[in-house]
Amino acid sequence: KVFVQNAVEYVKEHYADQDLSVEVICKKLNVSSAYFSTIFKKETGKTFVRFLTDYRMDIAEDLVLNTDEKSYTIAEKVGYLDANYFSYVFKKKFGVSPSKYRASAKK
């Protein structure tokens with residue numbers, strides 16, 4: 001489905017926007033959220049929120065490993081206003097906090 005491809009492209013361009021949501025993307029693509037959610041999951045194997053979170057975490061991981069930026073700065077860059085929530089999501093995916101992840105990678 002073309003709109004799934006468009007949604008993926010939109011995420012890649014706008015992942016830093018903390019207001020990005022199913023509703024926002026459906027309005028952009030002019031499809032209902034129920035239809036979008038069903039087709040998106042069928043095509044990608046993930047819910048839209050999971051896809052967006054995974055994409056943001058991939059970018060965050062890169063920033064954690066390849067910059068000296070603080071967690072709250074990285075959080076903002078990948079669309080999280082709340083640095084604590086960002087750390088929680090990061091830890092859920094990678095098993096450790098961003099600072100521990102960076103420290104263990106530098107060993």
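Every heavy atom of this structure was used, including side-chain atoms; hydrogens, water molecules and symmetry mates were not.
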Worksheet item: When you look at Glu43 and Gln5, which way does the side chain to side chain contact (heavy atoms under 4.5 Å, CB included) test go after all the steps?
Response: CA-CA 9 Å; Glu43 297 276 318; Gln5 209 171 342; over 6 Å; no

Fill in: Separation of Thr73 OG1 from Asp68 CG (nearest 0.5 Å)
11.5 Å

Item to complete: Please examine the side chains of Met57 and Val89, heavy atoms only from C-beta on, and report whether any two atoms are closer than 4.5 Å.
Response: yes

Fill in: Those residues that, when tested against Asp62, pass side-chain hydrogen bond (donor to acceptor under 3.5 Å, both in side chains) (two or more places apart)
Asn66

Worksheet item: Is any side-chain heavy atom of Leu52 less than 4.5 Å from a side-chain heavy atom of His14?
Response: no

Worksheet item: Do you know which two heavy atoms are closest between Asp82 and Asn84, and how far apart they sit?
Response: OD1-N, 2.9 Å

Fill in: Whether Phe86 and Phe90 hold their rings parallel, tilted or perpendicular, with breakpoints at 30° and 60°
tilted

Worksheet item: Heavy-atom distance under 4.5 Å between the side chains of Glu76 and Gln18, does that happen here?
Response: no

Worksheet item: Any link between Val78 and Val96 through a network of hydrophobic side chains (Ile, Leu, Val, Met, Phe, Trp, Tyr) touching at under 4.5 Å?
Response: yes

Response to the item:
Residue pairs passing the salt bridge (charged side-chain N to carboxylate O under 4.0 Å, His left out) test with at least one member in residues 5-26, sequence neighbours excluded, are none

Worksheet item: Do the side chains of Phe40 and Lys1 get nearer than 4.5 Å, heavy atoms only?
Response: no

Fill in: Asp58 side chain reached by Lys93 side chain, heavy atoms, under 4.5 Å
yes

Item to complete: Could you walk me through whether Tyr80 and Thr53 pass side chain to side chain contact (heavy atoms under 4.5 Å, CB included), step by step?
Response: CA-CA 10 Å; Tyr80 292 92; Thr53 302; 3.8 Å; yes

Worksheet item: Considering only heavy atoms from C-beta outward, does the side chain of Ser97 approach that of Ser87 to under 4.5 Å?
Response: no

Worksheet item: Do the ring planes of Phe48 and Phe36 sit parallel (below 30°), tilted (30 to 60°) or perpendicular (above 60°)?
Response: perpendicular

Discussion item. Between Phe3 and Tyr35, is the ring centroid distance below 6.0 Å?
Written reply: yes

Worksheet entry | Point-to-point distance, once rounded to the nearest 0.5 Å, from NZ of Lys91 to OG of Ser99 | 9.5 Å

Worksheet item: Is Thr47 close to Arg50 at the side-chain level, that is, under 4.5 Å between some pair of heavy atoms?
Response: yes

Discussion item. Which residues pass the ring-ring contact (aromatic ring centres under 6.0 Å, His included) test with Tyr55, not counting sequence neighbours?
Written reply: Tyr15

Worksheet item: Can you get from Tyr72 to Tyr85 by hopping between Ile, Leu, Val, Met, Phe, Trp and Tyr side chains that sit under 4.5 Å apart?
Response: no

Item to complete: Apply side chain to side chain contact (heavy atoms under 4.5 Å, CB included) to Phe94 and Val64, showing your working.
Response: CA-CA 12 Å; Phe94 298 106; Val64 166; over 6 Å; no

Item to complete: For the pair Arg102 (side chain) and Leu65 (backbone), establish whether a donor and an acceptor sit closer than 3.5 Å, ignoring hydrogens and angles.
Response: no

Discussion item. Quick check on Lys100: does its NZ atom have over 12 non-hydrogen neighbours (other residues, nucleotides or ligands) under 6.0 Å away?
Written reply: no

Worksheet item: What's the shortest heavy-atom distance between Ala7 and Ile25, and which atoms?
Response: O-CD1, 3.7 Å

Worksheet item: Tyr101 and Glu61: side-chain donor and acceptor closer than 3.5 Å?
Response: yes

Fill in: Sub-4.5 Å side-chain heavy-atom contact between Ile74 and Ser71
no

